[in-house]
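Structure, as structure tokens:
Just so it is clear: chains get the letters A, B, ... in the order the sequence lines come, proteins before strands, and each one is counted from 1. Side chains included, hydrogens not; waters and symmetry mates left out as well; all remaining heavy atoms used.
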2 protein chains.
Amino acid sequence: MPSDTQTPSLPATSFAVLGLLSFRPMSGYDLKLFADRSIGHFYWSPAKSQIYAELRRLKLAELVTEELVEQDSRPDKRVYAITATGRAMLANWVSASSFEQDVFKSTLMLRVFLGRSADPVALINLLQQNLDFENDRLVELRGMEQQCLVSDGDAMFSLLTIRAGIYLTQAAIKWSEESMKALEVHAAATGTGSTEGGKTQ
Amino acid sequence: MPSDTQTPSLPATSFAVLGLLSFRPMSGYDLKLFADRSIGHFYWSPAKSQIYAELRRLKLAELVTEELVEQDSRPDKRVYAITATGRAMLANWVSASSFEQDVFKSTLMLRVFLGRSADPVALINLLQQNLDFENDRLVELRGMEQQCLVSDGDAMFSLLTIRAGIYLTQAAIKWSEESMKALEVHAAATGTGSTEGGKTQ
DNA sequence: GTCGACATGTAACCAGTTACATGATTAA
DNA sequence: TTAATCATGTAACTGGTTACATGTCGAC
């Protein structure tokens, strides 16, 4: 029936915001906090300026309603709630029959690819930084995984995305370790780096 | 010595192009082809319009030189070559002491996170699509890995980035399979999908 | 003569970020 | 009074994409 009455084709970001509002009505401020600690962990966190922009757009498209809530112990705020149309649009987008390619860009990988133009030791340092970072991230994700496991109810979908983060992080850790080893062998073989003289800066 | 005589702070894309030119001089057209089959496999492939734009920028910054090459069997072309300054800038960027966060955005993960708003069966189909895609990709990467292993010389850095792709893809495959299973159990438990009546569209 | 590879670009647009700007309320 | 949290936005910019536009040359 609805076929293409309208397909303004909103970007994924809009659906991210709309999707968060499907959990409960929120203000832009709340949304930013909620986004950072939910989809922020696997996807990304839009800047607050963008969240406010998305809310205006969603309101214009009548996918959410805006209500001015006056508070006495805090500044007034605008609370947004998803509409029936919004829920329908959301369900439609989430259950789409095909999906966009992932976007993945790693300047670390680019640097490694261009490694012949670099000091191997510097590259090893970068990989160590990355390893530390990914290890921390893994601990954090493990904590979140536990929280999901003890909670009941809707936690399943969160759990799945956390698991994605865990597997991806494990892969990154494995890669960093392996690459560091390879570069150490390479540095030793070509005699670059620490064995060499000064060259501090 | 050079400290900060200039740090125009070019984006990673500029260094990607500059880095490719460090292998050999190329035209914009060549660069696009080369990018797609090198950094395109792990990082991303800039649109050709952007490559030409980057070349203009790099030329302006005197990191590359432009030479008009007249051809008789083909249209004339502009061939770009990295300069000494360019090589220095590149080496500096590649061996930086810190690096930018990876950019990773997956609308599939977003959809899974918002899965409670969707038909589980549709979600399972999406995961199956993803699984097929990642499996193909893994085969492709394995092929590239073999090519690196049989070739000698500079192949090491390529090999490392291919391995990154392999580990990441394996993680994605594991996740897709696991998530599909979880969603099937969920669909069966809540009685959504195939057991239900019509609801074709 | 027209198709495909080679070759280079422009214009319009859009998603998204950072920095800036404002202001209420409360607790220290 | 001053800092922190709550709260909402604007302006300027940039990185990047798609669609469009143009043209050479060789092969069929």
Side-chain angles (χ1 to χ4, degrees), chain A residues 8-18 25-37 39-40 43-61 64 66-80 100-107 110, chain B residues 8-18 25-37 39-40 43-61 64 66-80 100-107 110:
Chain A
S9 193
L10 297 164
T13 314
S14 304
F15 290 104
V17 171
L18 191 59
M26 275 176 278
S27 67
Y29 187 88
D30 295 333
L31 259 167
K32 172 62 177 160
L33 295 181
F34 189 38
D36 283 352
R37 64 186 63 193
I39 59 174
Y43 189 66
W44 93 135
S45 329
K48 64 183 161 65
S49 60
Q50 199 191 348
I51 286 181
Y52 287 111
E54 291 298 346
L55 286 172
R56 284 191 289 273
R57 166 149 62 173
L58 292 173
K59 184 188 162 196
L60 202 76
V64 303
E66 182 189 276
E67 190 201 359
L68 188 67
V69 173
E70 290 179 33
Q71 304 183 113
D72 37 297
S73 72
R74 276 156 209 291
D76 298 349
K77 62 178 172 180
R78 291 155 196 275
V79 172
Y80 296 85
E100 306 76 28
Q101 280 292 299
D102 290 352
V103 172
F104 175 68
K105 280 204 219 181
S106 165
T107 67
L110 182 57
Chain B
S9 195
L10 296 164
T13 314
S14 304
F15 290 103
V17 171
L18 191 61
M26 274 176 280
S27 67
Y29 187 88
D30 295 332
L31 260 168
K32 171 63 177 160
L33 295 181
F34 189 37
D36 284 352
R37 64 187 62 192
I39 56 173
Y43 188 65
W44 93 137
S45 327
K48 64 183 162 70
S49 59
Q50 199 191 348
I51 286 182
Y52 288 110
E54 291 298 347
L55 286 172
R56 285 192 289 272
R57 166 149 60 172
L58 292 173
K59 184 187 160 193
L60 202 75
V64 303
E66 182 190 274
E67 189 200 359
L68 187 67
V69 173
E70 289 178 31
Q71 302 184 115
D72 37 297
S73 71
R74 276 155 210 289
D76 298 349
K77 61 180 172 180
R78 292 153 197 275
V79 172
Y80 297 85
E100 306 77 28
Q101 281 291 301
D102 290 352
V103 172
F104 175 67
K105 279 204 220 181
S106 164
T107 66
L110 182 57

Exercise. Should B:K32 and B:P46 count as side-chain neighbours, where that means a heavy-atom distance under 4.5 Å?
Worked result: no
Problem set entry | Value in whole Å for how far the P atom of D:dT18 lies from CD1 of B:I51 | 13 Å
For this session: Would you mind building the protein contact string for nucleotides 20-28 of chain D? One character per nucleotide, 5' to 3', B for base within reach (heavy atoms under 4.0 Å), S for sugar-phosphate only, - for untouched.
Result: B--BBSS--
Exercise. Expressed in angstrom and rounded to an integer, what is the separation of A:D30 atom CG from D:dG9 atom P?
Worked result: 13 Å
Problem set entry | Distance in angstrom units between B:Q101 CD and C:dT18 C1', rounded | 17 Å
For this session: Whole angstrom is fine here: how far is it from CG in A:L31 over to C1' in D:dA7?
Result: 13 Å
Exercise. Could you give the CD-to-P distance, from A:E70 to C:dA24, as a whole number of Å?
Worked result: 14 Å
Exercise. Any idea which heavy atoms bring B:L110 and A:A16 closest together, and the distance?
Worked result: CD2-CB, 3.8 Å
Exercise. OH of A:Y80 to CG of A:D30: how many Å apart, nearest 0.5 Å?
Worked result: 11.5 Å
Donor-acceptor pairs are to be reported for all side-chain atoms of residues 70-79 of chain B against protein atoms at under 3.5 Å, with residues two or more places apart or in another chain.
unit_1 : atom_1 : unit_2 : atom_2 : d
B:Q71  : NE2    : B:P75  : O      : 2.6
B:D76  : OD1    : B:Q71  : N      : 3.0
B:R78  : NH1    : B:E66  : OE2    : 3.2

Exercise. Are any of the side-chain heavy atoms of A:Y52 and A:L31 separated by less than 4.5 Å?
Worked result: no
Exercise. OH of B:Y52 versus C1' of C:dA11: gap in Å, rounded?
Worked result: 17 Å
Under-3.5 Å N/O pairs linking protein and nucleotides 14-17 of chain C:
unit_1 : atom_1 : unit_2 : atom_2 : d
C:dG16 : OP1    : A:T13  : OG1    : 3.0
C:dG16 : OP1    : B:K105 : NZ     : 2.8
C:dG16 : OP2    : A:T13  : OG1    : 2.2
C:dG16 : OP2    : A:Q50  : NE2    : 2.8
C:dG16 : O5'    : A:Q50  : NE2    : 3.4
C:dT17 : OP2    : A:A47  : N      : 3.0
C:dT17 : OP2    : A:Q50  : OE1    : 2.9

Problem set entry | Nearest-0.5 Å distance that lies between atom CD in B:Q50 and atom CZ in B:R57 | 8.0 Å
Exercise. Expressed in angstrom and rounded to an integer, what is the separation of A:F104 atom CZ from D:dG16 atom P?
Worked result: 15 Å
Problem set entry | Spacing between A:L68 atom CG and D:dA7 atom P, to the nearest angstrom | 12 Å
Exercise. Looking at A:V17, A:L10, A:L18, which hits side-chain contact (heavy atoms from CB on, under 4.5 Å) with A:S14?
Worked result: A:L10
Exercise. Under the side-chain contact (heavy atoms from CB on, under 4.5 Å) criterion, do B:F104 and A:V103 qualify, and how do the steps go?
Worked result: CA-CA 5 Å; B:F104 175 67; A:V103 172; over 6 Å; no
Exercise. Any side-chain N or O of A:Y29 under 4.0 Å from OP1/OP2 of D:dT8?
Worked result: no
Problem set entry | A:R56, nearest nucleotide to its side chain (from C:dA7, D:dT10, C:dG9) | D:dT10
Problem set entry | Minimum heavy-atom distance between A:G28 and A:I51, given as atom pair plus value | O-CG2, 4.0 Å
